[in-house]
Amino acid sequence: MDDVVVERVLRAVEQVPRGRVVSYGDLAALVGIGPRQVGSIMRVYGGNVTWWRVTNAAGDLPAPLREAARLRWADEGILVKPNGLGCRIADYRADLAALGDAYHRATVDLEP
């Protein structure tokens with residue numbers, strides 16, 4: 001895995017505001033990679049960033065992460081859907097334009 005790509009994904013995650021979420025696809029579009037790559041990076045390297053703010057396109061999280069995410073979401077005001085799988089991403093998705101601006105500021109030192 002390219003260290004710069006990993007760093008870009010992790011910095012993008014760090015820009016997601018409290019009380020908001022993004023999908024793997026949202027991050028992938030921002031960084032310029034595929035959603036599965038984002039998922040792989042998060043699985044291996046995401047433990048030290050705000051991982052609970054990254055969901056699939058439906059706002060759901062993998063089963064092993066749900067309970068820990070629920071505690072963090074409750075603290076941030078994110079409500080869990082009635083099915084218990086995640087949140088309503090339409091209600092909690094971060095402003096992607098603002099996220100893009102923050103991401104570009106946070107990664108300016110990574111430019112070639």
Side-chain angles (χ1 to χ4, degrees):
M1 187 71 58
D2 182 325
D3 290 342
V4 173
V5 172
V6 170
E7 187 63 22
R8 287 182 180 283
V9 169
L10 298 179
R11 288 191 192 183
V13 173
E14 291 172 340
Q15 305 312 306
V16 178
R18 180 178 173 79
R20 296 291 168 197
V21 298
V22 293
S23 71
Y24 297 107
D26 294 335
L27 291 177
L30 190 61
V31 176
I33 60 175
R36 289 180 188 248
Q37 279 183 281
V38 171
S40 295
I41 289 168
M42 290 301 295
R43 184 175 52 257
V44 176
Y45 303 101
N48 291 325
V49 296
T50 53
W51 56 266
W52 58 92
R53 295 180 186 158
V54 183
T55 70
N56 70 14
D60 298 342
L61 290 167
L65 301 178
R66 286 184 197 134
E67 192 56 38
R70 277 189 193 130
L71 298 172
R72 289 176 166 94
W73 282 1
D75 183 53
E76 295 187 13
I78 298 173
L79 300 176
V80 175
K81 294 186 287 190
N83 68 10
L85 300 178
C87 70
R88 287 185 38 82
I89 197 166
D91 294 341
Y92 296 104
R93 180 175 266 133
D95 176 326
L96 298 181
L99 180 65
D101 291 343
Y103 168 75
H104 290 295
R105 286 190 304 275
T107 58
V108 71
D109 63 312
L110 299 177
E111 297 298 323

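Positions are given from 1 along the sequence.
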In chain order, what residues pass the side-chain hydrogen bond (donor to acceptor under 3.5 Å, both in side chains) check against R43, with sequence neighbours excluded? S40
Is the shortest heavy-atom distance from the side chain of T55 to the side chain of L61 under 4.5 Å? yes
Smallest separation among heavy atoms of A28 and G34, with atom names: CB-C, 3.5 Å
So, using side-chain hydrogen bond (donor to acceptor under 3.5 Å, both in side chains) as the criterion, who are the partners of D101 when residues are at least two apart? none
Tell me which pairs pass side chain to side chain donor-acceptor pair (under 3.5 Å) where either residue lies in residues 11-20, with sequence neighbours left out. E7-R11, R11-D109, R18-D75
Residue pair V80 / W73: nearest heavy atoms and the distance that separates them: CG2-CE3, 4.0 Å
How close do I78 and C87 get, heavy atom to heavy atom, and via which atoms? CG2-CB, 3.6 Å
Residues L96 and R93: closest non-hydrogen pair is CD1-CD, 4.1 Å
Would the distance check show the side chain of R88 and the main-chain N or O of G59 forming a donor-acceptor pair, the cut-off being under 3.5 Å? no
Quick one, I33 and V9 - any side-chain contact, counting heavy atoms below 4.5 Å? yes
List the residues meeting side chain to side chain contact (heavy atoms under 4.5 Å, CB included) with D95, not counting sequence neighbours, and say none if there are none. A97, A98
S23: which residues meet the side-chain hydrogen bond (donor to acceptor under 3.5 Å, both in side chains) condition with it, sequence neighbours left out? D26
Report the residues that fulfil side-chain hydrogen bond (donor to acceptor under 3.5 Å, both in side chains) with Y103, sequence neighbours left out, ordered by chain and then residue number. R8
Nearest heavy-atom pair of I89 and A57: which atoms, and what distance? CG2-O, 3.5 Å
If you take all heavy atoms of G46 and L10, which pair is closest and at what distance? CA-CD2, 4.1 Å
Side chain to side chain contact (heavy atoms under 4.5 Å, CB included) against R72, all qualifying residues, sequence neighbours excluded: W51, W52, A68
Does any part of the side chain of V38, heavy atoms only, come nearer than 4.5 Å to the side chain of V31, both counted from C-beta? no
Above 12 or not: heavy atoms from other molecules or residues under 6.0 Å from CZ of R70? yes
Taken in chain and number order and not counting sequence neighbours, the residues that satisfy side chain to side chain contact (heavy atoms under 4.5 Å, CB included) with D3 are none
Hydrophobic cluster membership, M42 vs V44, 4.5 Å side-chain cutoff: yes
Cluster question for you: counting only ILVMFWY and a side-chain heavy-atom cut-off of under 4.5 Å, with indirect links fine, are L71 and L65 together? no
Mind checking whether I41 and V5 have side chains closer than 4.5 Å, heavy atoms only? yes
So, using side chain to side chain contact (heavy atoms under 4.5 Å, CB included) as the criterion, who are the partners of N83 when residues are at least two apart? K81, L85
